Peer 1: 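Mind looking over this structure? Questions follow.
The first residue of the sequence shown is numbered 1, and numbering continues consecutively from there. Remember, it's 1-based here, ligands and their atoms both numbered in the order they're listed. Not measured: the values here are computed from a predicted model.
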Amino acid sequence: MTQPGRLSGIGVGPGDPELLTLKALRLLQSADVVAYFVAKGKKGNAFGIIEAHLDARQTQLPLVYPVTTEALEPPLSYEEVIADFYDESAAAVAAHLEAGRDVAVICEGDPFFYGSYMYLHDRLATRFDTEVVPGVCSMLGGTAVLGTPLVYRNQSLSVLSGVLPEDELKERLAAADAAVIMKLGRNFDKVRRVLDELGLAERAHYVERATMQNQRIVPLAEVNPMASPYFSLLVVPGQKWQR
Ligand SMILES: C[S@@+](CC[C@H](N)C(=O)[O-])C[C@H]1O[C@@H](n2cnc3c(N)ncnc32)[C@H](O)[C@@H]1O
């Protein structure tokens with residue numbers, strides 16, 4: 001009987017290829033198959049980070065998202081379409097593992113921090129030998145390039161999704177010592193309004209494509225919500241502790 005291959009979920013960091021860990025590089029280069037999630041017609045951000053480290057003997061397995069937006073016309077439901085897609089992706093990865101091939105699934109930032117790899121992990125980790133390699137997540141890439149310490153001493157950090165309803169976002173932000181808001185996109189106007197209402201706009205920092213070559217740091221008031229890319233986040237650092 002063929003010994004099954006090993007699954008690894010590999011964080012490749014927020015964009016700068018030098019933020020790849022040594023362990024990520026080792027597992028990546030030893031994998032028979034390198035799998036990655038990607039939008040239709042795109043090369044894939046995570047793939048672009050590690051492409052130069054692959055060789056021609058490795059199989060590349062793009063897992064192409066069937067939809068690009070969460071808004072679908074009934075009777076289609078985003079949740080169902082995407083769950084089916086993750087089932088199919090897990091089956092494609094499992095076929096390689098069952099044939100004895102090691103599969104590395106790459107993921108932007110960290111695999112367990114809002115990473116798509118999680119949906120494969122949930123389906124496969126009980127069936128196959130699995131290892132997860134942490135990566136530098138976007139929020140820490142963001143604070144580093146902003147040059148902004150995030151949490152001092154006993155402060156607590158809230159990581160919030162911009163998708164949250166306005167009331168809930170406001171409540172959570174009002175209670176936070178420090179916060180990072182991810183998934184801005186079409187939620188940007190709502191998030192900026194909440195920050196204004198709470199008097200936090202001055203303390204908030206916006207960064208696009210942190211650590212990538214085309215990174216931009218833009219004052220909050222000057223952000224054009226229509227042009228805010230998927231790779232953007234907001235940092236509200238904790239109050240400086242000075243003695
Ligand atoms: C699906 S989550 C993936 C998070 C990723 N696994 C991580 O560890 O950071 C996507 C969100 O991460 C944030 N993001 C990812 N990379 C980023 C970057 N280089 N700069 C700014 N935000 C980024 C954006 O808020 C984006 O909407």
Peer 1: Among Tyr114, Phe113, Phe231, which one puts a heavy atom closest to atom 5 (C) of ligand 1?
Peer 2: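 That would be Phe113.
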
Peer 1: Please verify whether a non-hydrogen atom of Gly15 lies at under 4.0 Å from ligand 1.
Peer 2: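 Distance cut 4.0 Å: Gly15 fails for ligand 1.
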
Peer 1: May I ask you to identify the nearest protein heavy atom to atom 10 (C) of ligand 1, giving residue, atom name and distance to one decimal place in Å?
Peer 2: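 I find the closest protein heavy atom is Tyr230 OH, 3.4 Å.
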
Peer 1: With Leu25, which of Val12, Leu20, Val133 fulfils side chain to side chain contact (heavy atoms under 4.5 Å, CB included)?
Peer 2: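 Running side chain to side chain contact (heavy atoms under 4.5 Å, CB included) over Val12, Leu20, Val133 with Leu25 returns exactly one hit, Leu20.
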
Peer 1: For Met212, take its heavy atoms, then give the atoms of ligand 1 lying under 4.0 Å from any of them.
Peer 2: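 Close to Met212: 19 (N).
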
Peer 1: For Tyr78 and Phe85, I'd like to know if the aromatic rings sit close, meaning centre-to-centre distance below 6.0 Å.
Peer 2: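 No, too far apart.
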
Peer 1: What is the closest protein heavy atom to atom 11 (C) of ligand 1, and at what distance does it sit?
Peer 2: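 Heavy-atom neighbour on the protein nearest atom 11 (C) of ligand 1: Met182 CE, 4.0 Å.
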
Peer 1: So is Leu233 touching ligand 1 or not, going by heavy atoms under 4.0 Å?
Peer 2: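 Contact check Leu233 vs ligand 1: positive.
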
Peer 1: Applying a 4.0 Å heavy-atom criterion (strictly less than), which segment of Gln215 is in contact with ligand 1: side chain, backbone, both, or neither?
Peer 2: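 No part of Gln215 comes within reach of ligand 1.
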
Peer 1: With the side chain counted from C-beta on, respond yes when Pro62 and Phe47 share a heavy-atom pair under 4.5 Å apart, and no when they do not.
Peer 2: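 With C-beta onward as the side chain, the pair stays apart.
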
Peer 1: Where is the tightest heavy-atom contact between Pro14 and Ser138, given as atom of each residue plus distance?
Peer 2: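 Shortest heavy-atom separation between Pro14 and Ser138 comes out as CB-CA, 4.0 Å.
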
Peer 1: Looking at Glu171, I want to see if its CD is surrounded by more than 12 non-hydrogen atoms of other residues, nucleotides or ligands under 6.0 Å.
Peer 2: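 No - once you tally the heavy atoms of other residues, nucleotides and ligands closer than 6.0 Å, there are 12 at most.
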
Peer 1: For Ile181 and Ser161, which heavy atoms make the closest approach, and how far apart are they?
Peer 2: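 Between these two residues, the closest heavy atoms are CG2-C, 4.4 Å.
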
Peer 1: Report the C-alpha separation of Lys170 and Asp167 in whole Å, then their side-chain angles, then the decisive distance to 0.1 Å, and conclude whether the salt bridge (Lys or Arg N to Asp or Glu O under 4.0 Å) test is met.
Peer 2: CA-CA 5 Å; Lys170 193 169 179 182; Asp167 286 355; over 6 Å; no

Peer 1: Please list the nearest protein heavy atom to atom 23 (C) of ligand 1 with its residue and the distance rounded to 0.1 Å.
Peer 2: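 Atom 23 (C) of ligand 1 sits closest to the protein heavy atom Ser138 CB, 3.4 Å.
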
Peer 1: Considering non-hydrogen atoms of the protein only, which is the closest contact for atom 8 (O) of ligand 1, and what is the distance?
Peer 2: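 Scanning the protein heavy atoms, the shortest distance from atom 8 (O) of ligand 1 goes to Asp110 N, 2.7 Å.
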
Peer 1: Nearest non-hydrogen atom to atom 25 (O) of ligand 1 belongs to which of Ser232, Pro111, Pro134?
Peer 2: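 It is Ser232 whose heavy atom sits nearest to atom 25 (O) of ligand 1.
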
Peer 1: Under the salt bridge (Lys or Arg N to Asp or Glu O under 4.0 Å) rule, what do Asp129 and Arg6 come out as? Steps first, then yes or no, please.
Peer 2: CA-CA 5 Å; Asp129 186 16; Arg6 194 151 198 261; 2.8 Å; yes

Peer 1: In terms of atom number and element, which parts of ligand 1 are under 4.0 angstrom from non-hydrogen atoms of Lys183?
Peer 2: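 Listed by number with element: 25 (O), 27 (O).
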
Peer 1: Which atoms of ligand 1 sit under 4.0 Å from any heavy atom of Gly109?
Peer 2: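 Reading through ligand 1 atom by atom, the close ones are 7 (C), 8 (O).
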
Peer 1: Looking only at protein heavy atoms, identify the closest one to atom 20 (N) of ligand 1 and say how far it is in Å.
Peer 2: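 Result: Ala210 N, 2.8 Å.
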
Peer 1: Is there side-chain contact between Ile217 and His205, with heavy atoms separated by less than 4.5 Å?
Peer 2: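 No, their side chains stay 4.5 Å or more apart.
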
